[in-house]
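In listed order, ligands and their atoms are each counted from 1.
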Amino acid sequence: MHHFDYQAGELCCEQVPLRVIAEATGTPCYVYSHATLRRHYRVFDEALGDLRHLICFSAKANSNGAVLAALGRLGAGVDIVSGGELERALRAGIPAHKIVFSGVGKQAGEVAQALSAEILLLNVESEAELELIAGVAATLRRRAPVALRVNPDVDPQTHPYIATGLRESKFGIPIADARRVYERALALPQLDVCGLDCHIGSQLTSVQPLVDSLGALVELIDVLRARGVHLRYLDIGGGLGIRYADESPPTPDEYGAAVRALLRRLAAPELTVICEPGRVIVGNAGVLLTRVVYYKDSGHKRFLIVDAAMNDLLRPSLYGAFHEIKLAALADGANRPHGPVDVVGPICESGDFLAKDRDLPAVEPGALLAIMSAGAYGFSMASSYNSRPRPAEVMVDAEAWAVVRERETVDDLMRGERLPPWLR
Ligand SMILES: *Cc1c(COP(=O)(O)O)cnc(C)c1O
């Protein structure tokens, strides 16, 4: 469910025609729907029912301050993977006690930053990291709240680049070693060993891998309990998929029901369940607006060359991902021959495409297109490759809209560059 619909032939975000935003801000431009964000958060929250839970939105899916603030208002916490994301979450007003820190390569400075801010939990991904955190905590004279991120060796059946719960992936502590690593953690007085964590991958389109991994976690919690270790947090990660094309991912309700069923078996009302959804909250809440620059027919292939590129939206190039593309004005496609076109950007790479062999009308230069489902891993993965300033970001709320990040400028791109003395 999202709030991007045609009204009188114009594609609107809530009550605002996308044309209006594109005319005012230029293109390419990301547009987020506040109503969609609210709805997705509420549906997810309600799906967990009376389970004691905390939803920590995965900031890497979309770390725009307005998006974080909007979710924060609804009660969301944030899952961060860097010191930069910690700063963003705090500045967006997310309380530190709702922030969890994941990631395989946390550095001492980032750990110190997190401990000083008094975040809820550090999800630890290796024994070496455990020792590093204990050392930093000792220096700061603090106790570090930690969960072990285990790797359950479950195939999430998703794109290999976003599968994280397989034995051969770099993430987490092998579940077979978890007991031993818990013993080590418990022996370090600087650590408050309070949680268990797992995140098996992204864009999951079935609950089964989640159920399998959660089953393994529940067993581990039982084993730890028998040893007298009573955890307070069970972080089950994120990963719930969305519909980009014809996928039918589980609904939040199906997901919530599966989680609740497994946890009922555990009968641990003192346990708070943490979820780290990213894509399912923000993916369909955003689009990327782009204008056609040229229509090109090479005789072998037809191209729409647009002003957005792989630097703005990397997912098609990186994962071969599919994003639906819609005309902002239906009239642009009227009476035009339809057929397979590649929608490509101006970047000097053949891997620079937004869609391949897509059935779209041969629209004129200037036509406005909306690349759908671009709210997650869109702007947050954008770069300035080819010295292309990153796009503006806009948020819509009913009839109102506001720029929530200005378009970058070429000056922004060159800030900090200087000639060495021998070239001056
Ligand atoms: C990326 C990530 C998430 C969010 O994944 P989604 O598929 O966007 O829900 C959650 N937890 C961790 C540790 C992650 O790395």
Checklist entry - Centre of Tyr244's six-membered ring, under 6.0 Å away, within 45 degrees of the axis: is that where NZ or CZ of Arg315 sits? => result yes
Next on the checklist: Between the side chains of Glu127 and Arg184, is the shortest nitrogen-to-carboxylate-oxygen separation below 4.0 Å, so that they form an ion pair?
Outcome noted: no
Checklist entry - Can Glu276 and Ser58 be counted as having a side-chain donor-acceptor contact under 3.5 angstrom? => result no
Next on the checklist: Geometry only, no angles: is Arg149 polar-contacting ligand 1 at N/O separations under 3.5 Å?
Outcome noted: no
Next on the checklist: So that I can tick it off, tell me whether Asp397 and Arg38 are bridged by a salt bridge, with the cut-off set at under 4.0 angstrom between side-chain N and carboxylate O.
Outcome noted: yes
Checklist outcome for this item: For Glu276, the atoms of ligand 1 under 4.0 Å from one of its heavy atoms are 3 (C), 4 (C), 9 (O), 10 (C), 11 (N), 12 (C), 13 (C)
Checklist entry - What atoms in ligand 1 come closer than 4.0 Å to a heavy atom of Asp79? => result 10 (C), 11 (N), 12 (C), 13 (C)
Checklist entry - Side chain of His199, backbone of Gly238: donor and acceptor closer than 3.5 Å? => result yes
Item to check | Arg42 bridged to Glu46 by N-O distance under 4.0 Å | outcome: no
Checklist entry - If you measure every N/O of Ala61 against every N/O of ligand 1, is any gap under 3.5 Å? => result no
Next on the checklist: Quick check: Ser58 and ligand 1, any N/O pair under 3.5 Å apart?
Outcome noted: no
Item to check | Sub-3.5 Å N/O-N/O distance, Gly237 and ligand 1 | outcome: no
Checklist outcome for this item: For Arg279, the atoms of ligand 1 under 4.0 Å from one of its heavy atoms are 6 (P), 8 (O), 9 (O)
Checklist entry - For ligand 1, does Ser102 get within less than 4.0 Å through its side chain, its backbone, both, or neither, judged by non-hydrogen atoms? => result side chain
Checklist outcome for this item: Numbered in order shown, the ligand 1 atoms found under 4.0 Å of a heavy atom of Pro277 are 9 (O)
Next on the checklist: Between Arg149 and Ser102, is there a side-chain donor-acceptor contact under 3.5 Å, judged purely by atom types and distance?
Outcome noted: no
Item to check | Sub-4.0 Å atoms of ligand 1 with respect to non-hydrogen atoms of Gly239 | outcome: 5 (O), 6 (P), 7 (O), 9 (O)
Checklist entry - Hey, which atoms in ligand 1 end up nearer than 4.0 Å to a heavy atom of Gly238? => result 9 (O), 10 (C)
Next on the checklist: For Thr164, which part has a heavy atom under 4.0 Å from ligand 1: side chain, backbone, both, or neither?
Outcome noted: neither
Checklist outcome for this item: The protein heavy atom nearest to atom 1 (C) of ligand 1 is Lys60 NZ, 1.3 Å
Checklist entry - What atoms of ligand 1 come within less than 4.0 Å of a heavy atom belonging to Gly278? => result 6 (P), 8 (O), 9 (O)
Item to check | N/O donor-acceptor pair under 3.5 Å between Glu125 side chain and Asn123 backbone | outcome: no
Checklist entry - Any idea which part of His199 is under 4.0 Å from ligand 1, heavy-atom wise: side chain, backbone, both or neither? => result side chain
Checklist entry - What distance do Ser373 atom OG and Arg243 atom CZ have between them, rounded to the nearest 0.5 Å? => result 10.0 Å
Checklist entry - Is a salt bridge present between Lys60 and Asp79, judged by a nitrogen-to-oxygen distance below 4.0 Å? => result no
Next on the checklist: Taking 4.0 angstrom as the limit and counting only heavy atoms of Tyr377, give me the atoms of ligand 1 inside it, by number and element.
Outcome noted: 1 (C), 4 (C), 5 (O), 6 (P), 8 (O)
Checklist entry - Looking at atom 7 (O) of ligand 1, what's its closest protein heavy atom, distance included? => result Ser202 OG, 2.3 Å
Checklist entry - Is the centre of the Tyr41 ring less than 6.0 Å from the centre of the Phe57 ring? => result no
